[in-house]
Asker: 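Below: one structure in structure tokens.
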Amino acid sequence: MKKEIVDIRYIAKILFLVLTSVNLGHTFDVVWLGLIFAAFFAVTGFLNATSRREFSKRPKYNKIPAYGAIVPLALYWVVTPGVENGVNPVMVFLPGIYLLFLTALQERSRGNGGFDAFVAFDGIAALLFSFYTIPKGWAPVGFVALLLAVFSYTRRGTAWYKYVLFLLIVAMLSASSYGGWRYWKAHRYERGAKWADDYYQRDRVMGFDQVAALGSFGSNYNGKYNSQVVLRVWDSLPAAYLKAASYEKYVAGIWKLPTVPVKTLTPAYYQVDYAVLEVADSLTRSSDTTGALRPVRQVWVQSTINNFGFVFAPYGAVGFAAKDVDSLQYFAGGMVNGLGQNGKRSDWHYFLCDGRVSSADSAGSAEFADCQVPDSLLAYTAGDLQIGKRYEPLMDSVIDAMGLVRRDSLNDSLAAKQSVDGDNLQRILVYFKDNFTYSLQVPGLNRWQGSSADPSKDPLSIFWHAKQGFCEYYATLSVLALRRVGIPARYVTGFARPEVVEGRPYAIFRRKHAHSWVEAFVDGRWVIFDPTPPMLTPVGNEPNWFAVKWEGLQGRFARAMHFLKEGEWRRTVDSWQNYTQKITDGIAIYVALVIVILAFVGLKIRRYLKGRRRNIISPKNAAAMEWARKLTKAELVLTTLGYHREDGETVGAFIKRLQRADAGTLGTKMADPSANEKLQQTIKILQDYEEHRWMK
């Protein structure tokens with residue numbers, strides 16, 4: 001029987017397992033458990049090396065404890081409180097203990113179901129888990145255990161210099177790891193700040209926060225991610241301006257959002273998992289009660305990064321569809337917020353009215369559908385005329401320089417005021433075009449200085465005197481100037497002038513398309529007013545041919561995944577599931593199922609009986625039964641003569657044994673001639689059986 005080879009390597013292996021147990025227990029502050037495992041390995045090694053050396057005497061390996069140990073460990077994981085920052089030590093401790101348990105099972109039954117390869121793998125893995133947080137003063141224990149494992153599992157006769165080479169490699173790796181840790185410790189805050197800044201720029205669109213500071217769009221234009229695709233709008237002819245937020249109050253270089261929405265939008269119905277939230281009742285459905293098809297177009301928008309909860313949509317959107325939201329906040333003028341209530345949003349839909357539709361009546365007349373945002377939701381508020389007193393002198397200077405006309409200086413004629421409103425907008429455009437230059441830098445504004453009490457240090461004042469800057473400054477100055485002359489206005493952020501590629505079913509907005517402009521309430525409605533003069537040089541490099549093709553592939557893949565995950569086909573599946581649910585709830589399906597099963601069982605029984613009947617009456621079976629009867633009779637005759645066929649002995653071998661028997665011995669045994677003749681006849685029957693039994 002195979003026995004244990006007891007030498008220095010086997011002793012090293014047992015010591016390796018003992019030290020691993022102790023080190024793992026100490027690392028996770030369960031020394032008592034580590035000592036139990038260490039004692040188990042020590043006793044097992046002693047028994048295997050002495051009185052129970054034969055492998056066959058060891059307990060057989062049983063998989064039930066190996067699988068059963070998962071249950072208490074899983075329960076322990078469930079009741080363990082979570083950790084907000086960092087890695088929960090239990091995620092390392094539980095696998096380490098489980099591997100140590102598997103090592104104990106394998107070593108206990110090694111040679112009788114257990115394998116030494118699993119002992120080595122599980123034991124070394126448990127040792128590595130014990131290095132999770134190396135306790136001070138206990139690191140040498142783990143390294144000694146590692147060296148013992150290497151020694152115990154190396155090939156016998158390994159040259160000494162290979163051990164030395166291994167030690168050198170371990171020393172080099174340890175030194176490099178320690179040096180890297182020291183370097184990280186010395187520079188972690190510096191690199192952490194760079195990483196945080198890079199992460200902030202990569203995963204956030206600048207300028208769309210709840211509070212927007214002048215200059216926040218600079219990262220979109222000057223950063224290394226200025227060509228990153230931010231939005232995909234699945235419309236071949238999208239709107240030129242996609243609005244995100246409209247701000248109300250400007251204070252010291254900071255724009256603040258309005259605080260009171262004019263309406264809370266709640267779901268009107270659902271499109272699969274998307275809640276449709278309408279600006280007014282029954283504006284987004286494909287048809288109304290009169291039978292006239294509504295001219296509503298639904299556009300899907302995909303955001304690749306955090307959108308801050310804003311619904312980016314063009315002006316005049318009459319509805320929105322989004323997942324995991326129970327409401328959206330609608331502000332005067334059309335700003336919609338609330339997508340972020342359930343975390344980071346990545347896609348949504350908006351609905352637009354297309355205008356004229358054909359009636360479904362027999363006359364086939366045409367009419368305009370009632371598919372517009374109610375005027376009550378578009379009216380301006382008192383905040384749209386507000387400017388701080390500290391900015392009044394600056395705005396008076398701007399008004400005088402641009403030649404703007406104040407509304408309160410006119411008579412009560414509405415037509416006169418509307419004419420002046422349009423003229424004021426044109427004067428602002430002409431003045432900026434003739435006297436200002438588009439620039440990504442504002443000379444004299446090295447850092448935001450809006451907190452200063454001196455109005456001349458405000459970013460807006462510096463921009464007015466420097467005569468150069470980018471969209472945020474032009475829009476801000478225009479909003480306050482229009483308010484000063486009595487025209488309601490808002491500062492708006494979003495995206496402008498999307499990138500459209502021929503043949504591509506969607507348009508894209510990159511970071512460099514981020515923009516700010518003005519909403520002015522003119523002629524009883526909000527109009528887009530963009531005072532920023534054109535750029536002389538484009539921001540960022542134009543994408544090359546490969547980048548355009550790659551983006552097209554990414555966009556179509558995103559569309560396919562959206563269809564598979566959120567597509568309308570799921571509604572068909574849901575309806576089929578509802579139908580099948582009704583069927584399974586009734587008793588008819590189960591009665592039919594029992595009938596089918598009984599019919600199947602009956603058919604099987606019928607086929608079995610027919611086959612059995614054919615086998616009984618077949619000539620082949622009859623001949624086989626006849627030869628079996630003859631064989632049985634012949635063996636009974638031979639038994640009476642003193643000859644018996646051994647268990648497992650074939651008929652052919654039995655015949656040869658009889659023929660090899662000594663004739664003299666036969667004669668001596670069988671003095672009776674009739675017995676001898678009976679023997680010869682019986683042998684002849686056996687020979688005939690051997691020759692004809694297997695013939696077809």
Side-chain angles (χ1 to χ4, degrees), residues 1-6 47-48 50-67 105-106 108-118 596-696:
M1 300 298 292
K2 189 175 180 181
K3 299 180 179 181
E4 186 71 61
I5 300 177
V6 181
L47 294 176
N48 289 345
T50 55
S51 61
R52 299 181 61 181
R53 297 176 64 183
E54 294 182 1
F55 292 146
S56 61
K57 294 182 179 180
R58 297 177 185 176
K60 290 185 177 181
Y61 181 76
N62 192 346
K63 294 182 180 180
I64 294 178
Y67 294 131
L105 291 180
Q106 292 285 345
R108 173 176 174 269
S109 304
R110 189 169 49 83
N112 199 7
F115 295 93
D116 202 33
F118 290 131
V596 170
I597 293 174
L598 291 176
F600 178 77
V601 172
L603 182 61
K604 286 291 185 181
I605 293 175
R606 183 172 177 270
R607 287 181 178 178
Y608 170 75
L609 294 177
K610 288 180 63 177
R612 188 169 179 270
R613 191 178 302 112
R614 283 198 304 268
N615 291 336
I616 291 175
I617 64 175
S618 65
K620 183 178 177 182
N621 246 358
M625 293 178 64
E626 177 63 23
W627 280 113
R629 185 185 63 78
K630 289 181 179 182
L631 176 62
T632 302
K633 185 176 179 180
E635 288 184 337
L636 288 174
V637 172
L638 290 173
T639 301
T640 60
L641 297 177
Y643 293 94
H644 177 72
R645 186 157 65 100
E646 301 292 338
D647 292 339
E649 186 179 16
T650 63
V651 175
F654 188 33
I655 293 172
K656 291 180 181 180
R657 180 159 64 86
L658 293 175
Q659 290 175 343
R660 288 197 304 267
D662 182 70
T665 305
L666 283 172
T668 303
K669 287 185 176 181
M670 301 180 189
D672 185 1
S674 61
N676 209 355
E677 182 180 356
K678 187 183 295 185
L679 175 63
Q680 296 301 327
Q681 291 175 354
T682 307
I683 292 175
K684 181 65 170 63
I685 293 173
L686 293 178
Q687 289 174 341
D688 291 342
Y689 172 86
E690 188 70 10
E691 181 179 355
H692 300 288
R693 169 65 180 85
W694 305 108
M695 293 182 63
K696 295 182 180 179

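The figures here come from the full heavy-atom set of this structure, side chains too, leaving out hydrogens, waters and symmetry mates. This one's a predicted model, so the numbers in the text were calculated from it and none came from an experiment.
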Asker: If you take all heavy atoms of R58 and N112, which pair is closest and at what distance?
Answerer: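 The answer is O-ND2, 2.6 Å.
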Asker: Rounded to the nearest 0.5 Å, how far does CG of L603 lie from OH of Y608?
Answerer: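 Reported to 0.5 Å precision, the distance equals 15.5 Å.
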Asker: For R110, check side chain to side chain donor-acceptor pair (under 3.5 Å) against everything at least two apart and list the hits.
Answerer: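 Checked R110 against side chain to side chain donor-acceptor pair (under 3.5 Å); matches are E4, E107.
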Asker: Taking all non-hydrogen atoms of both residues into account, name the closest pair between K60 and R108 and its distance.
Answerer: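 Heavy-atom minimum between the residues: O-NH1, 4.4 Å.
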Asker: Do Y61 and L105 come close enough that some side-chain heavy atom pair is under 4.5 Å?
Answerer: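 Touching, per the 4.5 Å side-chain cut-off.
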Asker: Partners of Q681 by side chain to side chain donor-acceptor pair (under 3.5 Å), sequence neighbours excluded?
Answerer: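 Testing Q681 for side chain to side chain donor-acceptor pair (under 3.5 Å), a comparison that skips the adjacent residues, returns E677.
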Asker: When you measure from the side chain of S109 to the backbone N and O of P59, does any donor-acceptor pair fall under 3.5 Å?
Answerer: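 Indeed, once roles are kept as given, a pair shorter than 3.5 Å links the two residues.
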Asker: Treating Q106 as the side-chain partner and F118 as the backbone partner, does any N or O pair qualify as donor plus acceptor under 3.5 Å?
Answerer: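 Between the backbone of F118 and the side chain of Q106 there is no qualifying donor-acceptor contact (under 3.5 Å).
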Asker: Got a sec: does the CG of L636 have more than 12 other heavy atoms crowding it under 6.0 Å?
Answerer: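 Atom CG in L636 is packed in, count exceeds 12.
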Asker: Could you measure the distance from the OG1 atom of T682 to the CD atom of E635? Nearest 0.5 Å is fine.
Answerer: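 Output value for this atom pair is 11.0 Å.
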